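Structure first, then comments.
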Protein chains: 2
Amino acid sequence: MPEKNTGKSAGVEKRPHRQLSIKDIARLARVSHPTVSRALQNSPLVNAQTAAKIRKIADEAGYRASAVARGLVTRRTRTIGLVVTTVADPFASEVVCGIEQTANDHGYSVFLADSNADPAREKKVVQAFAERRVDGIIVTSSRVGALYLPLLAEMMVPIVLVNDQHPGAFVHSVMIENLSGMRAIAAHLTKLGHRRIAYLGDRFGYQSDVERLAGYREALHEAGIDDVPELVVHGDGKPEAAMEAIEKLLALADPPTAVCCYNDMTALGAMRKIRMHGLHVPEDISVAGFDDLFFARYTQPPLTTIRQPMRRMGQLAMESLIKLMSGEESVAQIRVDAELIVRESTARARKQ
Amino acid sequence: MPEKNTGKSAGVEKRPHRQLSIKDIARLARVSHPTVSRALQNSPLVNAQTAAKIRKIADEAGYRASAVARGLVTRRTRTIGLVVTTVADPFASEVVCGIEQTANDHGYSVFLADSNADPAREKKVVQAFAERRVDGIIVTSSRVGALYLPLLAEMMVPIVLVNDQHPGAFVHSVMIENLSGMRAIAAHLTKLGHRRIAYLGDRFGYQSDVERLAGYREALHEAGIDDVPELVVHGDGKPEAAMEAIEKLLALADPPTAVCCYNDMTALGAMRKIRMHGLHVPEDISVAGFDDLFFARYTQPPLTTIRQPMRRMGQLAMESLIKLMSGEESVAQIRVDAELIVRESTARARKQ
DNA sequence: GTTTCGATCGTACACGTGTGCAATAGAGAG
DNA sequence: CTCTCTATTGCACACGTGTACGATCGAAAC
């Protein structure tokens, strides 16, 4: 009675101590390897009892089918590529979290790549994805979305963008309602009696910045306030740049009594600089953010902001991608609603 | 003269429009496919001119070698699995960033998996890694490190842990000098004249908490201060729990004049609650954190803390793993130094 | 008894790449 | 001219899985 001895070769083992393959299981179960394959896929083509027996043996042996071999023959790897400008950003990491969870729930594994906003690196990681034969790609907050067009064409793989900064280039994307969100914030401020309201934006030209700026303007117009160009300044979405940008506002002869920040990170820098000037939020100046990152409720004072359902957005992007990968159609542009969260960084304007 | 027509079969194409393979390039270059393989690997076995010509053709055709086919025959996928309790944590995401960068620099791709601190999920993702045939695994801040032992044995793959909470179970890890770090913070406070210094920790029993608590005690002993059990309380490393935990300290008949927090997230919650009690930092009570997350310099007041070189730690973990995957030895326990960053949340104790 | 049909299972391939080995050709030595 | 050696290339396999197709067998139909 032959035991586990295969009789194949007596040669020395290679370093990585041979994982056991489907053929090993076939030998143990005294069937052919296709039968094992079918049994593990719960195929109706195999006898129920045999299948159960095979599954039991495979399980006890700790057998794990090789996804790479399967991917080779199936031509579908059940992996997706996720490129993000940087994971070390609270917004991105929440989105990544949502994507990873739903990918995992659907049997997909995700390759993570950090582009660091470096176009060369971004191109490199997408090439890596091409070699890995990913089934789809998600890109979040890309500054260089247009770069993907040729690569996309080359890879023949669906792509979904989250909060892309260059409109129209891609069909599938999920974004927040930037305009109505920022309009809600600005309207909140006008209702508090503010008339000199500033906008501290991201880099000029990015779609989300354009849309939020538009929302800010709409709210002001509705309140009968005219545009004041000197009250619109730009940072880069991060605290450092915000600290510089807000200097221009504070140096004004008639400084604003409230400022709408492009996002919470910007608000963080703004509030810090305001404090360094000896001023107080919200007594001297109201500050509002956008995103509702985890720290928004812990700032001093807690930040009034717009909540973006970041994980949900990641989930939606992944679900959309899954549809596309299955050959189905999916909604091209998904827009999620923004929710105003009023905390203590905004207050009624002082009587002039 | 035969053109691109392969003459193989006139059957209809499958859906995913056949990527071109090494054989396509071979046909274009009028050589055999092994020659193409060797040319693209810069093998000395192939004529320099032929190699150059092949590479040119492959490049112009936009050919991308299939990493999955290569992985199958090579038995090395050049992928690693990265499991993290949650990416949506500023500490973890910085580490992930460091790991991804250096992995990418060395030609490795990384599978990201979020365990959500759920043991079942954690097991599931590691099984997925096994099927993907990853060459190595990195686990950050695992609460359940011990769970990996059997899976590790099964996979025969090197593992590196970052900031593991269960000492001794694994050989390879990279951690911060918790003890000396927290001792530096506490000593900083004693030098400012504080005598009633509290410790607001993570869950009891986690290694990093144990070590930081020990550092705190050492500093107090050096300053001739006795242990006061009521001044040591525990949260869970997040702001919410910190807000609850610090209540116990504030409710004391003789409340502390300074509190060492397990990390910056804890400090965030602590400062918020202190403010809600109408007290001021640092006038009424000094607060110190640990980690130096991005927001530490933007809190009000900016947070005194210990800087952890998070990206560097990720880099070190990845470099260590690369060594192990190459069969080399690597330092078992890597400890990186902590650096005290004094900002404005700590001040001289008021005269009693 | 033969025929037919469905249920099971095995055989033979394919996926795209890497690599040991043989084959060939050309150069140099004798 | 013959032999040897080296440089270069092709042939034949292997990696581990999925799947079309044929083979077998038993039962049911005739």
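Just so we're clear, the structure is a prediction, and the values are computed from it rather than from any experiment. Letters A, B, ... are given to chains in the order of the sequence lines, protein chains preceding strands, and every chain is numbered from 1.
- When distances run from any side-chain atom of A:Thr50 to the nucleotides D:dG16, C:dC9, D:dT9, the shortest one goes to C:dC9.
- Take the nearest nucleotide of DNA chain D for B:Thr74 and for B:Ala48: the residue whose nucleotide is more 5' is B:Ala48.
- Side-chain contact check for B:Thr77 and B:Arg133: no donor-acceptor pair (N or O, by modelled atom type) lies under 3.5 Å.
- Atom CZ in B:Arg133 sits about 8 Å away from atom P in D:dG16, given to the nearest Å.
- Side-chain proximity of B:Ser32 to C:dG18, D:dG10, D:dT19: nearest is D:dG10.
- In this structure, B:Leu72 atom CG and C:dT19 atom P are separated by 13 Å, rounded to whole Å.
- A straight line from CZ of B:Arg76 to P of D:dG16 spans 15 Å, rounded to a whole angstrom.
- When only modelled atom types and interatomic distance are considered, B:Glu319 and B:Gln315 share a side-chain donor-acceptor pair under 3.5 Å.
- When the side-chain nitrogen and oxygen atoms of B:Tyr63 are compared with OP1 and OP2 of C:dT17, one or more of them lie within a distance under 4.0 Å.
- For the pair A:Ser66 and D:dT17, the criterion of a side-chain N or O lying under 4.0 Å from OP1 or OP2 is not met.
- The CD1-P distance, from A:Ile22 to C:dC9, rounds to 15 Å in whole Å.
- Contact annotation: A:Ser21 side-chain N/O to D:dG16 OP1/OP2 distance is not under 4.0 Å.
- A straight line from CG of A:Asn47 to C1' of D:dT24 spans 15 Å, rounded to a whole angstrom.
- A:Ser109 and A:Thr79 share no donor-acceptor pair across their side chains, judged by distance under 3.5 Å alone.
- A side-chain donor-acceptor contact under 3.5 Å links B:Ser330 and B:Ser320.
- Nearest-nucleotide positions on DNA chain C for A:Pro34 and A:Pro44 put A:Pro44 closer to the 5' end.
- Checking D:dT17, C:dT19, D:dG18 against every side-chain atom of A:Gln41, the shortest atom distance belongs to D:dG18.
- One finds a side-chain N or O of B:Arg70 lying less than 4.0 angstrom from the OP1 or OP2 phosphate oxygen of C:dG18.
- A sub-4.0 Å separation between OP1 or OP2 of C:dG10 and a side-chain N or O of A:Thr35 is present.
- The CD1 atom of A:Ile25 sits 13 Å away from the C1' atom of D:dT17 (whole-angstrom rounding).
- Applying the 3.5 Å distance criterion, the base of C:dG10 shares a donor-acceptor pair with the side chain of A:Arg38.
- Residue-level contact check: B:Val68 touches neither bases nor backbone, having no heavy atom under 4.0 Å from any strand.
- In this structure, A:His33 places its NE2 atom 11 Å from P of D:dG16, rounding to the nearest Å.
- Spacing between atom CG of A:Leu45 and atom C1' of C:dG10 amounts to 13 Å, rounded to whole angstrom units.
- Between the side chains of A:Gln101 and B:Arg121, at least one donor-acceptor pair of N or O atoms lies under 3.5 Å.
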